[in-house]
Amino acid sequence: MLHPFTPKEQTQGYLELLDILKQMLRSITKFDEFSLQPNSGAQGEYAGLSTITAYHKSQGQGHRNICLIPQSAHGTNPASAVMCGMKVVVVKSDESGNVDLVDLKAKAEEHKDKLGALMITYPSTHGVYEPTVIEACKIIHKNGGQVYMDGANMNAQVGWTSPAFLGADVCHLNMHKTFCIPHGGGGPGMGPIGVKAHLAPYLPLNSYYDKSTYLMKE
């Protein structure tokens with residue numbers, strides 16, 4: 001594994017591979033930009049919510065700290081939101097275990113002045129393509145929030161749809177699940193986040209590898 005401050009002239013092959021990976025992930029997810037810094041899905045959640053928070057602050061909306069999270073969400077979702085300084089408001093599930101759209105709309109409208117984000121998993125944690133996901137994203141956007149999609153089950157989307165098409169603003173990918181990279185037993189974890197263009201300026205960036213010098217010129 002390379003030291004993060006290895007001289008750029010010694011890392012061109014690696015940087016080219018990372019650039020190709022980003023291009024592939026953009027094509028699959030339809031997002032505009034990616035950060036490969038997060039080393040796990042949980043780190044991706046934190047990085048994604050931090051990106052959303054930074055975006056709101058840039059718009060003079062730093063008070064938007066309410067994060068709506070369905071009852072069915074993975075346990076890391078509320079933990080990540082709290083670590084980012086957000087207040088979690090739980091959204092009910094309906095009798096089938098899906099996100100209760102009526103309750104989601106009510107909570108979004110109730111907190112519209114402070115709504116920061118919705119964290120939603122698609123397909124859901126119980127393996128269902130919830131048909132209301134696009135409507136859920138529209139509700140959040142209408143009330144001033146951003147949509148964070150937990151990409152734990154992204155492998156079920158590949159070839160069928162994409163997070164950006166569904167309305168998500170940011171999504172992490174569990175590379176060991178979707179693309180079968182080594183994981184565990186000392187293998188590298190990786191949870192890159194993809195974002196739409198308006199969030200791209202707020203992605204985490206190592207200034208040592210500034211975008212303007214990402215690859216050396218000939």
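In what follows, every heavy atom counts, from backbone to side chain, and hydrogens, waters and symmetry copies are set aside. Each residue takes its place number in the sequence, starting with 1.
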key: Residues forming a ring pair (Phe, Tyr, Trp, His ring centres under 6.0 Å) with Phe179, sequence neighbours excluded   = none
query = Do Met83 and Leu49 have side-chain heavy atoms sitting under 4.5 Å apart?
reply = no
key: Thr125 to Ser72 - nearest heavy-atom pair and separation   = OG1-O, 2.7 Å
key: Partner of Met190 by side-chain contact (heavy atoms from CB on, under 4.5 Å), out of Leu173, Asn39, Leu36   = Leu36
request  = Look up atom CG in Asp100 and atom NZ in Lys105, then write down how far apart they are to the nearest 0.5 Å.
outcome  = 12.5 Å
task = Just jot down the side chain to side chain donor-acceptor pair (under 3.5 Å) partners of Gln23, sequence neighbours excluded, or say none.
result = Asp19
task = Supply the atom-to-atom distance Glu9 CD to Thr6 OG1, rounded to the nearest 0.5 angstrom.
result = 10.0 Å
query = Would you say Met149 and Gln157 make side-chain contact, with heavy atoms under 4.5 Å?
reply = yes
key: 4.5 Å side-chain heavy-atom contact, Val91 and Ile120   = no
inquiry  = Going by the rule ring pair (Phe, Tyr, Trp, His ring centres under 6.0 Å), which residues pair with His198 if we only count those two or more places apart in sequence or in a different chain?
reply    = Tyr55
task = Could you walk me through whether Leu118 and Ile139 pass the side chain to side chain contact (heavy atoms under 4.5 Å, CB included) test, one step at a time?
result = CA-CA 10 Å; Leu118 164 71; Ile139 289 171; over 6 Å; no
task = For Lys107, enumerate each residue passing the side chain to side chain donor-acceptor pair (under 3.5 Å) test, keeping only those at least two apart in sequence or located in another chain.
result = Asp103
request  = Work out which heavy atom in Ala156 is nearest to a heavy atom in Pro123; give both atom names and the distance.
outcome  = CB-CG, 3.7 Å
Student check: side-chain heavy atoms of Gln146 and Ile140 closer than 4.5 Å = no
request  = Only counting residues at least two apart or in another chain, list the ones meeting side chain to side chain contact (heavy atoms under 4.5 Å, CB included) with Val128.
outcome  = Asn98, Ser124, His126, Glu130
request  = State plainly whether one hydrophobic cluster holds both Leu166 and Leu68, where clusters connect Ile, Leu, Val, Met, Phe, Trp and Tyr through side-chain heavy atoms under 4.5 angstrom apart.
outcome  = yes
key: Under 3.5 Å: donor-acceptor pair, side chain of His63, backbone of Asp113   = yes
message = Can a donor-acceptor pair be found, under 3.5 Å and without considering hydrogens, that links the side chain of Arg64 to the backbone of Leu115?
response = yes
ask   = Of all residues at least two apart in sequence or in a different chain, which pass the side chain to side chain contact (heavy atoms under 4.5 Å, CB included) check with Val88?
value = Ile69, Pro78, Ala81, Val82, Val90
task = Tell me, please, which residues at least two apart from Tyr122 pass ring pair (Phe, Tyr, Trp, His ring centres under 6.0 Å).
result = Tyr129
task = Identify the two heavy atoms, one from Lys8 and one from Gln12, that lie closest to each other, and give their separation to 0.1 Å.
result = O-NE2, 2.7 Å
ask   = Which residues satisfy the side chain to side chain contact (heavy atoms under 4.5 Å, CB included) test with Lys138, sequence neighbours excluded?
value = Ile134, Glu135
query = Do the non-hydrogen side-chain atoms of Glu109 and Asn143 ever get within less than 4.5 Å of each other?
reply = yes
task = Please name all residues satisfying side chain to side chain donor-acceptor pair (under 3.5 Å) with Thr29, sequence neighbours left out, ordered by chain then number.
result = none
ask   = Do Ile66 and Val99 belong to the same hydrophobic cluster, where Ile, Leu, Val, Met, Phe, Trp and Tyr are linked whenever their side-chain heavy atoms lie under 4.5 Å apart, directly or via other members?
value = yes
Pairing residues for Ile20 by the side chain to side chain contact (heavy atoms under 4.5 Å, CB included) criterion, not counting sequence neighbours = Glu16, Met24
task = For the pair Lys22 (side chain) and Phe34 (backbone), establish whether a donor and an acceptor sit closer than 3.5 Å, ignoring hydrogens and angles.
result = yes
request  = Output the distance between atom NZ (Lys57) and atom CD1 (Ile52), rounded to the nearest 0.5 Å.
outcome  = 13.0 Å
key: Distance, nearest 0.5 Å, that separates OG1 of Thr76 from CD of Gln43   = 12.0 Å
inquiry  = Regarding Asn77 and Glu45, do their side chains bring together a donor and an acceptor under 3.5 Å, going by distance alone?
reply    = yes
query = Do the side chains of Leu104 and Val89 join up, straight or via other hydrophobic residues, at under 4.5 Å, putting them in one cluster?
reply = yes
ask   = Can you list the residues that meet the side chain to side chain donor-acceptor pair (under 3.5 Å) rule with Tyr202, with sequence neighbours excluded?
value = Ser58
message = With clusters defined by side-chain heavy atoms of hydrophobic residues (ILVMFWY) lying less than 4.5 Å apart, directly or transitively, does Phe165 cluster with Val147?
response = yes
request  = Enumerate the residue pairs fulfilling side-chain hydrogen bond (donor to acceptor under 3.5 Å, both in side chains) with a member in residues 158-174, sequence neighbours excluded, ordered by first and then second residue.
outcome  = His141-Asp169, Tyr148-His172, His172-Asn174
ask   = Of the non-hydrogen atoms in Cys171 and Asp150, which two are nearest, and what is the gap between them?
value = SG-C, 4.5 Å
Closest heavy-atom pair and its distance - Ala42, Ser80 = O-OG, 3.9 Å
task = Report whether Ile28 and Val133 are members of the same hydrophobic cluster (ILVMFWY, side-chain heavy atoms less than 4.5 Å apart, transitive linking).
result = no
message = Restricting to non-hydrogen atoms, name the atom on Ala164 and the atom on Lys196 that form the minimum distance, rounded to 0.1 Å.
response = O-NZ, 3.4 Å
request  = Look up atom CG in Leu203 and atom OG1 in Thr51, then write down how far apart they are to the nearest 0.5 Å.
outcome  = 5.0 Å
Rounded distance [0.5 Å steps], CG in Leu25 versus CD in Glu33 = 10.5 Å
